[in-house]
2 protein chains.
Amino acid sequence: MLAGYYHEASDHVPVNRSMEDARLREPTIHDIAQLARVSVGTVSNVLNSRQSVREELALRVTNAATKLGYRRNLNAASLRSNQTDTIAAVVPNIENAFFAELVSAIERLGVADRRGVMFLTTGEDEDRARRQIHGLISRRIDGLLLVPSFDFLPMIPELQRYGVPVVLLDRVEARNPLPTVAVDNRQAGRLGGNHLFEAGYRRVAFFGHGHERWILNQRREGFLDAARAASALELCPAYELSLEPAEIRETTVRILEQGARPEAIFAASNIAAKGVIPAIQSLGLKVPEDVGLLVMDDFEALTLLNPAITVVAQPSQRIAEVGWRMLRSLIDGEDLEEPHVRLLATLIVRGSTNRRSGRRSGR
Amino acid sequence: MLAGYYHEASDHVPVNRSMEDARLREPTIHDIAQLARVSVGTVSNVLNSRQSVREELALRVTNAATKLGYRRNLNAASLRSNQTDTIAAVVPNIENAFFAELVSAIERLGVADRRGVMFLTTGEDEDRARRQIHGLISRRIDGLLLVPSFDFLPMIPELQRYGVPVVLLDRVEARNPLPTVAVDNRQAGRLGGNHLFEAGYRRVAFFGHGHERWILNQRREGFLDAARAASALELCPAYELSLEPAEIRETTVRILEQGARPEAIFAASNIAAKGVIPAIQSLGLKVPEDVGLLVMDDFEALTLLNPAITVVAQPSQRIAEVGWRMLRSLIDGEDLEEPHVRLLATLIVRGSTNRRSGRRSGR
DNA sequence: ATGAAAGCGCTAACAT
DNA sequence: ATGTTAGCGCTTTCAT
């Protein structure tokens, strides 16, 4: 044996790798062990601050690691330890500002928590979603935060088998086999409705789009709660549900042109808003004098419009935080005290629902 | 040896892991091999369609794999093969629509190419960026697409040492030690300038913001090229550079209130636009009659405004495609025929620069 | 407290 | 064409 991997004494060590080429190869804990004259076990313990190691040895190890420019090979580590320090977040897309915020918040949590985060989008495509999740299983991620954009039920047994805990975010129904975190959509609808009725609007049209019927219904119920409370129910019959994005614009135009034109519009999602706003503009109607406007889901364009649009905002940051905490509990094998969390939406009043003062400058 | 890894018959098959608990454990290629009565080598060959395997055996293997619900352990595979089938994309943030598009495009390429993509953002924070990249090295990713938002030069030796090829996107200077793909910012500035001057505007103010001085200068040079060509140079002295987003609004107001008010504004980035637009609104000026507006970098809000805003758009999709192709070449050990690619920006004319016809409805 | 050695699941080199 | 086996870099168990 020509050039022992360890020093000459021991002899179960590769021949073909001496210290010389440790400068060329990616350094391993063996290189560190050799340089610091300790065993690989000790190196591992020091680097992961696991067991108590004599301070002097620990110093030798960290010095050697720095000197060699060592970077832990997480693939090797997780092969052995069965954890990857990686969690994944799957959302429908990131062009939607709400998901972009959610994803950003999750990433910040990951950085703070020293865990890697893998983001994937499904593009609302079931097949792609399936492949993405298979990829995640192959990478043996520690956990998954998922905004369902497809029928994920068939995936549950597989995820379970591979020990991947899942927390569902945002698009979740009442009863769910997995833990969930979402906004209270009924409260959100009520919040928006109350504001409109309190602002003096009576005949209010409610527009949604049809990606998630169940959520939309919740928002609508909340809106109707508010209408009932304001005794405005009979005055606001003009609401429409589950329109496709493209249809929303046409429908809005049609409804705004009819005899008893709605005094205000509740756009129940940002996609709905993108149909409603051009419709209002195309008719040359002024907001908020001719028609009031309230949108659910904040996004940047709404603050750039003149007047800026009043919104009911989802607490994306809080959703991320609570979801993250729940997922961590599951990863640590703890039980969840409350597997279904609903968070409150908040109202941000801007110019578009200021009925009394009429249009004001953008200031 | 009490409990051999392998079982009695062939003597190298697990004892403590019989077929029974293969239903409980995560299945491995050993389980498949046993069930299909072939060797692990053959299983590996079939699953990775590497060598020619007799069709009957191949079928037995794939059947067994399906039956067991097998998912390849990529960590183990890459430990051995030194490739992870994963590339990473690092961008400053994803709230910026341009980066969101870039990231989405990269992910689509990843799906098509059957590679995992890890996204990370730096939040323009150097320290966070460093940690993110260390995390990527620890995961031994195959390659990196990076939008620099920090001084990445010190990271290059480390990335090189760990054999991670890098392609820089978007924010890149003239001479760069790494391959780059970006829009031709000078051409983009020229394109926007030409359009404004051709539309009849003479006194045009140019606003940028200061995150990437070099890029901004390029856009400004292009704009000045156009001014020179239109002999409008002496008529448009009012341009400002490198303002912070917050300042841009104030500065815009100040300049629009001065005597020889600019007839049009070229907002050289989407961040600049977010200062310029509220400024124009707050003065009650009408676009495009009182002042024309052209923005570099398309984003959604610009189409929702009335009139919609004319933009010079970056080819985010193309940038992603070219960057991806270059990275793949590097991963495959090929040489790049052209390491610095510049792509053309495109002009999208909307209502905000239609000087002659004045304001029109949003249709 | 430290060292030795087994082995995680896979690929690749080699043998047949 | 198929089987056998070493070993990737790490963690972990067991000795000491």
Side-chain angles (χ1 to χ4, degrees), chain A residues 5-7 9-17 22 25-34 36-58 60-61 65 68 70-85 138-140 162, chain B residues 1-6 10-14 16-17 22 25-34 36-58 60-61 68 70-85 138-140 162:
Chain A
Y5 188 77
Y6 296 121
H7 28 136
S10 93
D11 80 355
H12 34 291
V13 199
V15 188
N16 46 347
R17 349 177 96 212
R25 278 183 301 106
E26 303 176 2
T28 72
I29 52 170
H30 286 101
D31 301 315
I32 298 177
Q34 190 179 2
R37 287 159 323 184
V38 296
S39 72
V40 290
T42 301
V43 173
S44 178
N45 285 334
V46 171
L47 263 31
N48 300 287
S49 37
R50 225 180 332 247
Q51 282 187 39
S52 47
V53 176
R54 220 172 57 215
E55 196 165 339
E56 187 217 330
L57 287 198
R60 289 218 306 260
V61 168
L68 294 172
Y70 172 80
R71 296 281 158 222
R72 184 165 177 252
N73 185 329
L74 245 172
N75 298 317
S78 60
L79 179 59
R80 184 64 231 248
S81 68
N82 266 313
Q83 57 166 42
T84 52
D85 291 343
S138 282
R139 290 184 171 75
R140 299 298 193 270
Y162 284 92
Chain B
M1 195 172 277
L2 296 170
Y5 185 74
Y6 298 116
S10 80
D11 183 293
H12 28 308
V13 187
N16 48 343
R17 348 174 97 212
R25 277 183 304 106
E26 302 175 5
T28 72
I29 53 171
H30 286 101
D31 301 316
I32 298 178
Q34 190 179 359
R37 288 158 312 167
V38 296
S39 72
V40 289
T42 302
V43 174
S44 177
N45 285 333
V46 171
L47 262 33
N48 299 286
S49 38
R50 226 181 332 246
Q51 283 187 39
S52 46
V53 175
R54 203 155 35 103
E55 196 164 342
E56 188 217 330
L57 286 199
R60 289 217 308 260
V61 168
L68 294 172
Y70 171 80
R71 297 279 159 224
R72 184 164 177 255
N73 184 330
L74 246 173
N75 298 318
S78 58
L79 181 59
R80 183 65 232 243
S81 68
N82 267 313
Q83 57 165 41
T84 51
D85 290 344
S138 282
R139 289 182 171 76
R140 299 298 191 271
Y162 284 91

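These values consider heavy atoms only, across backbone and side chains, with no hydrogens, waters or symmetry-generated copies. Just so it is clear, the structure is predicted and the values come from calculations on it, not from any experiment. Proteins get letters first, then strands, A, B, ... in listed order; numbering begins at 1 in each.
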Can you tell me the distance, in whole Å, between the CZ atom of A:Arg37 and the P atom of C:dG3? 11 Å

Does B:Ser52 have a side-chain nitrogen or oxygen under 4.0 Å from the phosphate oxygens OP1 or OP2 of D:dA1? yes

B:Arg140 meets the salt bridge (Lys or Arg N to Asp or Glu O under 4.0 Å) criterion, sequence neighbours left out, with A:Glu26

How many whole angstroms separate atom CD of B:Glu26 from atom P of C:dG9? 8 Å

What one should report as the nearest heavy-atom pair of A:Val53 and A:Ala58 is CG1-N, 4.1 Å

Quick one: side chain to side chain contact (heavy atoms under 4.5 Å, CB included) partners of A:Ser138, sequence neighbours excluded? B:Arg71, B:Arg72, B:Leu74

Just the table, please: protein N/O against nucleotides 10-14 of chain D N/O, every pair under 3.5 Å.
unit_1	atom_1	unit_2	atom_2	d
D:dC10	OP1	A:Tyr70	OH	2.4
D:dC10	OP1	A:Asn73	N	3.3
D:dC10	OP2	A:Ile29	N	2.7
D:dT11	OP1	A:Asn48	ND2	3.4
D:dT11	OP1	A:Arg72	NE	3.1
D:dT11	OP1	A:Arg72	NH2	3.1
D:dT11	OP2	A:Ser44	OG	2.8
D:dT11	OP2	A:Asn48	ND2	3.4
D:dT11	O2	A:Arg80	NH1	2.7
D:dT12	OP2	A:Arg50	NH1	3.3

Integer-rounded Å distance: C:dG9 P and A:Arg139 CZ: 18 Å

Does any N or O in the side chain of A:Ser49 come within less than 3.5 Å of the main-chain N or O of A:Val46, such that one atom is a donor and the other an acceptor? no

Starting at atom CG of A:Asn75, determine the distance to atom C1' of D:dC8, rounded to an integer number of angstrom. 10 Å

Write down the distance between CG (B:Asn82) and C1' (C:dC10), rounded to a whole number of angstrom. 13 Å

Smallest separation among heavy atoms of A:Ala33 and A:Ser39, with atom names: CB-C, 3.9 Å

How far does CG of A:Leu47 sit from CD1 of A:Ile29, to the nearest 0.5 angstrom? 8.0 Å

Pick the nucleotide of DNA chain D nearest each of A:Leu79 and B:Val38; which residue has the one closer to the 5' end? B:Val38

For A:Leu79, the side chain to side chain contact (heavy atoms under 4.5 Å, CB included) test, sequence neighbours excluded, returns B:Asn73, B:Ala76, B:Leu79

If you look only at pairs with a residue in residues 41-58 of chain A, which of them pass as a salt bridge (Lys or Arg N to Asp or Glu O under 4.0 Å), with sequence neighbours excluded? A:Arg54-A:Glu56, A:Glu56-A:Arg60

Out of curiosity, B:Leu68 CG to B:Arg25 CZ, how far, rounded to the nearest 0.5 Å? 9.5 Å

Rounded interatomic separation in angstrom, taking CD from B:Gln83 and C1' from C:dC10: 13 Å

Over how many whole Å does the gap from B:Asp31 atom CG to C:dC8 atom C1' extend? 13 Å

Rounded to whole angstroms, how far apart are CD on A:Glu56 and C1' on C:dT2? 13 Å

Is there a side-chain contact between A:Thr42 and the phosphate of C:dG3, meaning an N or O under 4.0 Å from OP1 or OP2? yes

Over the length of the helix from C:dA1-D:dT16 to C:dT16-D:dA1, how much do the five-pair end axes diverge, rounded to 10 degrees? 40°

